[in-house]
Enquirer: 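Encoded as structure tokens, here's the structure I'll be asking about.
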Amino acid sequence: MSTDRVSVHGGWASRWVFILAATGSAVGLGSIWKFPYMVGVYGGGAFVLVFLACIALIGLPVMLAETLIGRRARQSPANALKVLALEAGHSARWSWGAFAGMITALLILSFYSVVGGWSLDYIIDMGRGDFQGVTADQVGAYFSAVTADPWRLTLWHTLFMLLSALVIAKGVVAGLERSLRVMMPLLFVMLLVLLGYSMTTGHFMQGLHFMFDFSLERLLDGLLPAMGHAFFSLSVGVGSIMIYGAYMPKHSSLAGTVVGVALLDTFVSLVAGMALFPIVFAAGLNPSEGPGLMFISLPFAFGNVAFGQLMGVVFFILVAIAAWSSAISLLEPMVAYLVERTKIRRGWVTFWLAFSCWFVGLGTVFSFNIWQQAKFFVNEGGVFHLYQWGAAGGLDFFGVIDFFTSRIMLPLGGLCFVVFAGWVMGREAVRDELSLRSPLLFALALFLMRYVAPVGILVVFAAQLWK
Ligand code: TRP
């Protein structure tokens, strides 16, 4: 039994456009900004290893589940789960899981836009030549000065949000293809150039050792963060990839496509890390610097090589575009849902949602300056405070949103989607949608979605609680 549903939001012209859009969603700040700094914070090789395992065993099955749910239902995530659940004789309440995912996406977008704004800011700074011949200390001070200014951050955050909303308001399908066809390959090339430069720093091997050597004791430390980041990096757990799957042509291979996208995304993360850490070591920077890592190490490198000014501008433009194509996929699920459910026009829905995300994002803006001292979930020698001004530990506003989304909501969302595809939709519907020729591959895909991924997610949660 095949379905003849069509999406009311349009559809990709071909499988290639889906690959472009899905890669555009997956590859973004997660790979270039967040992955390296997390590797730094969680101790290098151990984190990378767990991350790769989570991509293969958990992220990939979730991605497959999302695309196949999306393509079968051809609607926004919440409606997709509802329709398919009813069709299979289950409760429509499954859609609540997807609804929570769509909210999570908006929360992620709130801080994503702030960091996307940093890359816009750095395009101008690079072009002005602010980093020509700087020392590592000066770049560090530069980053601190940028983030200390709430007005400056708000300006770029606003601009980034507007740019994302613009495409969404017009409809993803129309806006995305043209911009990504050239830019994505260019980003790959630019990263490889950067990697080439890193090889000349004299610290390349040190960088590789940092990224790929690990000690077994450290494996547990970064378990939950690595799993959370595997979800974040692949854009799964909230319905981003599901809504893109909903726009996918009917007869194209899902499994192959999904594996391709995941490989590209992982490749970009690894190359970004391998390019960044040698620069970090050459500049004498601290790998566990945190969110500023990329914005300090790369300008330092660009500031000190021939043609660095030009390359730096091009690089930050590409980063901004990669971030922008990811941001779009965070907004689209809820926009599609409200367009389906209400009579409000797409433009207005987009405007209000983007405005709400922008508003919440101000909390992240202030986390780097006027609210730097506002700490939540403080553990002070065994005494727990929900909130304390000026505490040494704890999480700032950005930290709370990041923790709640990446470590809790993404894995739970992923769990909901794989269990749904594996157990609720029904074997025949899944078989029909995957249309894998080999029965063995189908059995493998089903096994991954039914057992490996759900058990993996639960084991990581359990390990975190008992640690
Ligand atoms: N994957 C993107 C990145 O790495 C961010 C992103 C887009 C995302 N859509 C998502 C993260 C959905 C989690 C869920 O930059």
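Being a predicted model, the structure only gives us computed values, none of them experimental. Atoms within each ligand, like the ligands themselves, are counted from 1 in listed order. Sequential numbering from 1 along the given sequence is applied to the chain's residues.
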Enquirer: How are the rings of F295 and Y122 set relative to one another: parallel (under 30°), tilted (30 to 60°) or perpendicular (over 60°)?
Expert: perpendicular

Enquirer: Numbering the atoms of ligand 1 from 1, which are under 4.0 Å from a heavy atom of G30?
Expert: 3 (C), 4 (O), 15 (O)

Enquirer: If we set the cut-off at 4.0 Å for heavy atoms, which region of S25 has an atom near ligand 1: side chain, backbone, both, or neither?
Expert: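 Both backbone and side chain of S25 come within 4.0 Å of ligand 1.
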
Enquirer: Between I108 and ligand 1, does any nitrogen or oxygen pair lie at a separation below 3.5 Å?
Expert: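 There is no such contact.
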
Enquirer: Fit a plane to each ring of F232 and H229, take the angle between them on a 0 to 90° scale, and name the class: parallel (under 30°), tilted (30 to 60°) or perpendicular (over 60°).
Expert: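 Rings of F232 and H229: parallel, under 30°.
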
Enquirer: Looking at ligand 1, would G237 count as a contact under a 4.0 Å heavy-atom criterion?
Expert: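 For ligand 1, residue contact (heavy atoms, under 4.0 Å) with G237 is absent.
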
Enquirer: Count the heavy atoms belonging to other residues, nucleotides or ligands that lie under 6.0 Å from NZ of K82, then report whether that count exceeds 12.
Expert: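 Counting neighbours around NZ of K82, 12 or fewer heavy atoms of other residues, nucleotides or ligands fall under 6.0 Å, so no.
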
Enquirer: Considering only heavy atoms of S240, which atoms of ligand 1 have at least one such atom less than 4.0 Å away?
Expert: 9 (N), 10 (C), 12 (C)

Enquirer: Could you label the plane-to-plane angle of the F351 and W348 rings as parallel, tilted or perpendicular, counting under 30° as parallel and over 60° as perpendicular?
Expert: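 Ring orientation of F351 relative to W348: perpendicular.
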
Enquirer: Could you identify the single nearest non-hydrogen protein atom to atom 4 (O) of ligand 1 and state the distance to 0.1 Å?
Expert: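 Closest protein heavy atom to atom 4 (O) of ligand 1: A26 O, 2.9 Å.
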
Enquirer: Can you name the atoms of ligand 1, numbered from 1 with element, that are less than 4.0 Å from a heavy atom of S233?
Expert: 1 (N), 4 (O)

Enquirer: Which bit of D265 is near ligand 1, meaning a heavy atom under 4.0 Å away: side chain, backbone, both or neither?
Expert: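 The answer is neither.
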
Enquirer: To which protein heavy atom is atom 10 (C) of ligand 1 closest, and what is the distance rounded to 0.1 Å?
Expert: L330 CD2, 3.3 Å

Enquirer: Any idea how F398 and F368 line up, ring-wise: parallel (<30°), tilted (30 to 60°), or perpendicular (>60°)?
Expert: tilted

Enquirer: Could you label the plane-to-plane angle of the W33 and F111 rings as parallel, tilted or perpendicular, counting under 30° as parallel and over 60° as perpendicular?
Expert: tilted

Enquirer: Measure up the H157 and W358 rings against each other and bin them: parallel (under 30°), tilted (30 to 60°), perpendicular (over 60°).
Expert: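 Judged by the thresholds at 30° and 60°, the geometry between H157 and W358 is parallel.
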
Enquirer: I need the atoms of ligand 1 closer than 4.0 Å to a non-hydrogen atom of L29, numbered in the order shown.
Expert: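 The atoms of ligand 1 under 4.0 Å from a heavy atom of L29 are 15 (O).
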
Enquirer: Which ligand 1 atoms does S329 reach within 4.0 Å, using its non-hydrogen atoms?
Expert: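 Matching atoms, with element in brackets: 7 (C), 9 (N).
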
Enquirer: Looking only at protein heavy atoms, which one is nearest to atom 14 (C) of ligand 1, and what is the separation?
Expert: V238 CG2, 3.5 Å

Enquirer: Are the aromatic rings of F315 and F302 close, with centres under 6.0 Å apart?
Expert: yes

Enquirer: When S235 is tested against each of S25, S326, S240, S329 for side chain to side chain donor-acceptor pair (under 3.5 Å), which residue passes?
Expert: S25

Enquirer: Who's closest to atom 6 (C) of ligand 1 heavy-atom-wise, of S269, S235, G228?
Expert: S235

Enquirer: Got more than 12 heavy atoms from elsewhere within 6.0 Å of CZ, F212?
Expert: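 Atom CZ in F212 is packed in, count exceeds 12.
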
Enquirer: Out of F231, F232, Y112, who gets a non-hydrogen atom closest to atom 15 (O) of ligand 1?
Expert: Y112

Enquirer: For ligand 1 and V236, I'd like to know whether there is a polar contact (N/O to N/O, distance under 3.5 Å).
Expert: no

